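Structure first, commentary second.
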Amino acid sequence: MKALEGVRILDMTHVQSGPTCTQLLAWFGADVIKVERPGVGDATRGQLRDIPDVDSLYFTMLNHNKRSITLNTKSDKGKEIFSKLIETCDVLAENFAPGALDRMGFSWERIQEINPRIVYASVKGFGPGPYADCKVYENVAQCTGGSASTTGFDDGPPLVTGAQIGDSGTGLNLALGIVTALFQREKTGRGQRVTCAMQDGVLNLCRVKLRDQQRLKHGPLKEYPQYPNGEFGDATPRSGNASGGGQPGWIVKCKGWENDDNAYTYVITQAASFPALAKAMGREEWLEDPEWSTPEARLPKLDQVFDEIEKWTMTKTKFEVMDILNPLNVPCGPILSMKELAEEPALRDTGTVVEVDHPDRGKYLTVGNPIKLSDSPAAVERSPLLGEHTDEIMRDVLGYSAEEIAAAKESGAV
Ligand SMILES: CC(C)(COP(=O)(O)OP(=O)(O)OC[C@H]1O[C@@H](n2cnc3c(N)ncnc32)[C@H](O)[C@@H]1OP(=O)(O)O)[C@@H](O)C(=O)NCCC(=O)NCCS
């Protein structure tokens, strides 16, 4: 059995933030019914296509284990079918532009009238406030949530990160909100509204930077590369590759960096393992020299410490550095490329990287469920074709006859 077996999700999500949430719930066993506009579907089906007329990887990698029904929720017949879906589902999830569901005639009040047990979960770019009506994509959330202003190097512009913290990050929040609301419903019998703003989600992930904003009042941020020679302004600065915690760390070059963009490693020089690191590098003399032997002595010249570490790492591959430092309890992490991650056998073994077969595109790789439950296995099934399950859902979930289904198709509602 799967953890969420028996839970039915009315999935009105599109693009990335919402679909990542409902995909997770599907992996936990929920029956996820994805509602898509007839003839069009989720816009990502056609975005960044690598094979003509075939659902894009953008879509297939965000919509596994779901069923697809096409439904025009703006037509009269479509509204009737949509109301029946609300009646029968436990959760309605959506991430349309603000107000889209209300404009279709389905306000939270109306949805509760139809099904008081339903959990109505939404992702929006912003919470209530001056920007509540804005449409938002990933990088807008990164920029308005504190990530971009604190990412990059001090002498460069703000940077967005490759990790989709606004979209997939907020999808995680929404999934937690949904299962928590379902848990409460088991006791109260009532559904509730779950709302997650992407700005809030990004700021939550940038918590340590708001910590640093407040620390600034009491003096320079000593673990930042600006200390002691650079300038601090009145806002948390960009800290390059410095660690967000109290342990100094940096990215250094490894053997082969001249020809390989990813021949680098992250090395952390925490006090407890510094002696082992110094010995591994052949710099035992540091341990006796008051100029280098204590964290306080090293702090103002961390750039020199990492320059010396780099001279050593440049003589080893990033994997050799890992092999040497890990047994010494020196935390380090090779910069792994997407190619290396795709080929990593351990990630295949755990189901984190999965090969899936698709009738139109053939085999492709995806990221499986990153959350492992020992009693709820998550097999990854291919994403649905547009409207692949329309008839089956109309018949088995909603109880429509073959004639009624044919009439709904005739009217263009499905
Ligand atoms: C992502 C986003 C910017 C995309 O904007 P968009 O492509 O213009 O799409 P919208 O959400 O505005 O939806 C377009 C329209 O399609 C309509 N539509 C969607 N599914 C439909 C269906 N099955 N039947 C009929 N109409 C449908 C919507 O009701 C909306 O109509 P309206 O403008 O008359 O209200 C926007 O949805 C958004 O800001 N979402 C919230 C934040 C978010 O999740 N962003 C991250 C995305 S990864």
Side-chain angles (χ1 to χ4, degrees), residues 10-24 33-48 56 58-59 61-63 66-86 92-107 110-111 120-129 131-145 147 160 163-175 177-178 194-202 384 386-387 389-390 393-394 408-409 411-414:
L10 175 47
D11 182 11
M12 297 286 284
T13 68
H14 68 156
V15 203
Q16 182 176 171
S17 67
T20 54
C21 161
T22 51
Q23 176 170 261
L24 274 175
I33 297 175
K34 186 171 172 97
V35 174
E36 297 180 83
R37 242 183 308 181
V40 184
D42 187 327
T44 59
R45 284 188 186 268
Q47 281 174 10
L48 310 177
S56 70
Y58 195 8
F59 177 84
M61 292 177 70
L62 289 164
N63 290 284
K66 303 181 185 179
R67 300 199 276 174
S68 165
I69 176 174
T70 52
L71 183 62
N72 179 357
T73 51
K74 285 183 176 162
S75 72
D76 288 344
K77 186 69 187 167
K79 283 184 190 181
E80 175 204 305
I81 297 167
F82 189 53
S83 298
K84 279 170 110 20
L85 278 166
I86 293 174
L92 165 56
E94 63 89 28
N95 66 309
F96 288 129
L101 235 64
D102 298 75
R103 288 191 286 278
M104 282 177 203
F106 293 92
S107 63
R110 176 75 194 116
I111 290 165
Y120 174 17
S122 304
V123 170
K124 298 290 166 246
F126 295 95
Y131 307 119
D133 291 334
C134 296
K135 291 190 175 187
V136 167
Y137 285 104
E138 171 68 47
N139 288 345
V140 175
Q142 288 195 24
C143 292
T144 57
S147 177
V160 295
Q164 305 286 284
I165 57 177
D167 278 342
S168 288
T170 310
L172 282 169
N173 291 351
L174 196 72
I178 288 172
V194 177
T195 47
C196 292
M198 294 167 72
Q199 182 186 41
D200 300 5
V202 171
L386 180 59
H389 306 98
T390 300
I393 291 165
M394 295 273 290
K409 283 185 182 167
S411 77
V414 298

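Everything numeric here is computed off the predicted structure, so don't read it as measured data. We count ligands from 1, going down the list as the structure has it; atoms in each ligand are counted the same way. Computation of the quantities below employed the complete heavy-atom set of this structure, encompassing side-chain atoms and omitting hydrogens, waters and symmetry-equivalent molecules.
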What part of Leu71 sits under 4.0 Å from ligand 1 if we count only heavy atoms: the side chain, the backbone, both or neither? backbone
Identify, by atom number and element, the atoms of ligand 1 in contact range of [X], meaning under 4.0 Å from any of its heavy atoms.
X      : result
Val123 : 41 (C), 44 (O)
Asn72  : 24 (N), 25 (C)
Ala100 : 29 (O), 35 (O)
Gln16  : 48 (S)

Top protein contact for [atom], by heavy-atom distance:
atom                    : value
atom 29 (O) of ligand 1 : Met104 CE, 3.1 Å
atom 17 (C) of ligand 1 : Lys74 NZ, 3.9 Å
atom 14 (C) of ligand 1 : Arg37 NH2, 4.3 Å
atom 9 (O) of ligand 1  : His14 CE1, 3.6 Å
atom 11 (O) of ligand 1 : Ala97 N, 2.8 Å
atom 46 (C) of ligand 1 : Asp167 OD1, 3.2 Å

Given 3.5 Å as the limit, does a donor-acceptor pair link the side chain of [X] with the main chain of [Y], or not?
X      : Y      : result
Glu138 : Ile165 : yes
Lys77  : Thr73  : no
Ser56  : Leu48  : no
Thr390 : Thr70  : yes
Thr44  : Gln47  : no
Gln199 : Gly145 : no
Asp11  : Pro19  : no

Quick one: sort the Phe82 and Phe106 rings into parallel, tilted or perpendicular, breaks at 30° and 60°. perpendicular
Would you mind finding which of [options] brings a heavy atom closest to [atom]?
atom                    : options                       : answer
atom 7 (O) of ligand 1  : Phe96, Phe82, Tyr137          : Tyr137
atom 12 (O) of ligand 1 : Arg103, Glu94, Met198, Lys135 : Lys135
atom 39 (O) of ligand 1 : Val136, Leu101, Thr70, Val40  : Val136

Any side-chain donor paired with an acceptor under 3.5 Å for [X] and [Y]?
X      : Y     : result
Glu36  : Ser68 : yes
Glu94  : Thr13 : no
Lys124 : Asn95 : no

Below 4.0 Å from ligand 1: does a non-hydrogen atom of Met12 turn up there or not? no
For ligand 1, is there an atom lying under 4.0 Å from some heavy atom of Glu138?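 No, Glu138 has no heavy atoms under 4.0 Å from ligand 1.
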Report yes if some N/O of Asn95 lies less than 3.5 Å from some N/O of ligand 1; otherwise report no. yes
